[in-house]
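Here's the structure we're looking at; comments come further down.
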Amino acid sequence: MSGTTTTQRMPSYLEYKGRFKGLAGWLLSTDHKRIALLYLYSQITFFLAGVVMGIFMKIELMAPGQQIMGPATYNALFTVHGLTMIFLFIIPGLAASFGNFFLPIMIGAKDVAFPKLNLFSWYLFMGGAIIVLIGIFTGDGPPDTGWTFYAPYSLKTNTNVVLTVFGAFVLGFSSVLTGLNFIVTIHQMRAPGMGFFRMPLFIWAMYGTSWIQLLATPVVGITFIMVIFDRVMGIGFFDPAKGGDPILFQHLFWIYSHPAVYIMILPAMGAITEIITTFSNRVVFGYKAIAMSSLAIAFVGYLVWGHHMFTSGMSDTARLVFSLLTFLVAIPSAIKVFNWSATMYKGSIDLQPPFWWAMAFLFVFMIGGLTGLVLGSVATDVHVHDTMFVVAHFHYIVFGGAGLAFFAALHYWFPKMWGKMYNKKVANIGLLILFIGFNTLYFPMFILGIMGMPRRYYDYLPEFATPNLISTVGSWILALGLIIVIVNLLRAKKAPPEIIDNPWNGRTLEWKIQSPPTLENFEEIPVIDHGPYDLIKE
Amino acid sequence: MEHNATTLSTHEHYDPVGAKLGMWLFIFTEMLLFGALFIVYSVYRYRHPVEFHLANQELNVTIGFINTVILLISSATVAMSITAMQKGNKKLTMIFLLITLLLAVVFLINKYFEWGAKIHHGIYPGSEFLLSLSHGDILFFGLYFFMTGLHAIHIIVGMVILIWVFVRVKQGRVNINRYALLENGGLYWHLVDLIWIFLFPLFYLIH
């Protein structure tokens, strides 16, 4: 493969001249790879905006008392930070960007099942994002309800809840259509010979994710519409003054929003599986266990929403059942972690930047996972509910888990997507700084939570000063690491192209085609006669 | 899979199985959309059994019954249009689609008069009269307008889809060899019908 010379190479999807030129060639392209990049660029933009908001929040929390903003601004800021990071960055997450790019390639297809629907989904995503942004900057100011829009406050506040919630509904629609597209693609478009158990494990993770997107999102969609009608028409679904039940809102909200955490983390776990297998130079340990654990997480994750509501008012029976089910999710998650470790055992490990990112993921994901058990158990949850402990746990899982895996995937697939290599040394330094910053930022929050500091306040008692100061300094270190990582990738993108079809000795299908891939990915649809990670001499 | 191998060379990719799978998945999402509302309905009915019972006596069972029959017939006609297409009878397909659309319009007209009467009596979400009633009444009529309204929107969406299918049949783009679009339009229409089959007893019949 690496012996191919430039003269025989086909124009890549980046160079391909279609019906439209320039920007229109991107905005109107139904090529899954171009759509993936549209998602990637928009998601990273939203992510950076969210980071800036986070840094401002940390500056406010640097010391007791008011630093740079008042309570109302702080409330708006944590709401918008949550909305941006959750709905605009990490729920589309790895699925919309890397899923779009690599799902068809890894199953040996030329595109997704419905390419036009795929492009439409991106427009819905951007449409939803723009509606949310309009909601933030117009009317009576950005919502201050927190990203959860809990009733009855979301019905009473004068801020611009209606537009923001409607934007979230449109974003959900986009997510549903992406999931639908991927399920049909996986069912119908696999290359000849690729049975379900010859699919790479990233595809299994995407399959579980797509089902959650499809089956959970409509519930929150209609709940958001009910909030809008409560506000505009005064129906009173969730308004206690009219007989409505705010707790019912919480149930309906979390029926989606807990599985949404698995929409974020499952593709991340899939990408980590690919990375660990490639750099261990071994066949993955426990293929079927990992594949099935993805489906198990998707299924059990559906039944645990009540653990967000241990203090909201539920019967003891319900709380204990939800607690038990929550503990059950730990089993398939642990299956993955143990299989990753077993894959590395006696492997011939190649210490490249994507592998280091995967290790960073494993480290913080384990802390996030174990502290999740503290929150899943009713007795301990009541103690730390709505404290900084929850904030710390959530960021360890979502930023440390899904977020770090997003960058791991970016470093892993970067040479495939652009046909260029970044400076590996700088990538490692950036990761190290980011990793130190991450733990300095979030670990003190666990301690603050145990000490009793509540979340979502712009001010706190002087007892909490020292860990908060450390945490704020951590946010600066993290930002520095992030800048190094992103500048390094941007510089690599500008460098002249090289021929690096398979820089990591990857064995899945995307490494058997040229980098960057051609418009149709495969000039000839491959016939699959072995498992995805089998070591075969070429 | 063998299907893919033959068509991938051509630019127009046609996969009726995939298209129908996609439609079924979309129908799942619609069911969950209404499913959440059915949960809300059951919770509030459980809390206010007497008020829900008295409030549903206010609804006009006759209009509801006529609308149910209309939708059932329209489901039959849309199925007949598919059979007509399978037999290659383009003209009959179009006639059955038109009858279906006509029945949908009649349904909406009935709905308009039914809602109009309620609103005329001062019963609509947020009205002073409704807010003076009990919590159970407020919630019952809130759910009534919200759920039948959402269903009416689905009727309109279904009509747009069927008009589009009609144009495609007329153009000959949907024909005896490739009629997945017609089938998908029919599937969606059956869904709209099915949801009404649940709404009708929940609001009009259950005592």
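Chain letters run A, B, ... following the sequence lines, proteins first and then strands; every chain starts at 1. Computed from a prediction, not measured in an experiment: that's the story for all the values here.
- At a 4.5 Å heavy-atom cutoff, the contact between A/F173 and chain B is made by side-chain atoms alone.
- Summarising the local packing, CZ of B/F113 is surrounded by 12 or fewer heavy atoms from other residues, nucleotides or ligands at distances under 6.0 Å.
- Only the side chain of A/L252 comes within less than 4.5 Å of a heavy atom in chain B; its backbone stays farther off.
- The candidate from B/G35, B/S134, B/G22, B/S127 with the greatest count of non-hydrogen atom pairs under 4.5 Å with chain A is B/G22.
- In this structure the side chain of A/D245 reaches within 4.5 angstrom of the side chain of B/Y44, judged on heavy atoms.
- In this structure, B/F146 has its ring center closer than 6.0 angstrom to the ring center of A/F237.
- Only the side chain of B/V43 comes within less than 4.5 Å of a heavy atom of chain A; its backbone N, CA, C and O stay farther away.
- Both the backbone and the side chain of A/L214 come within contact range of chain B, judged by heavy atoms closer than 4.5 Å.
- Interface remark: B/L143 contributes backbone and side-chain atoms alike to the contact with chain A (heavy atom separation under 4.5 Å).
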Practice problem: Evaluate the side chain to side chain contact (heavy atoms under 4.5 Å, CB included) criterion for residues A/I222 and B/L150: first the C-alpha distance (whole Å), next the side-chain angles of each, then the deciding distance (0.1 Å), finally the verdict. | Solution: CA-CA 10 Å; A/I222 196 65; B/L150 188 65; 3.7 Å; yes
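- Of all residues spanning residues 25-33 of chain B, those with a heavy atom less than 4.5 Å away from chain A's heavy atoms are B/L25, B/F26, B/F28, B/T29, B/L32, B/L33, arranged by number.
- Looking at heavy atoms from C-beta onward, A/M226 lies in side-chain contact with B/L37 at the 4.5 angstrom threshold.
- Heavy atoms of A/A241 lying under 4.5 Å from chain B belong exclusively to its backbone.
- Proximity to chain B is limited to the side chain of A/V176, based on heavy atoms less than 4.5 angstrom apart.
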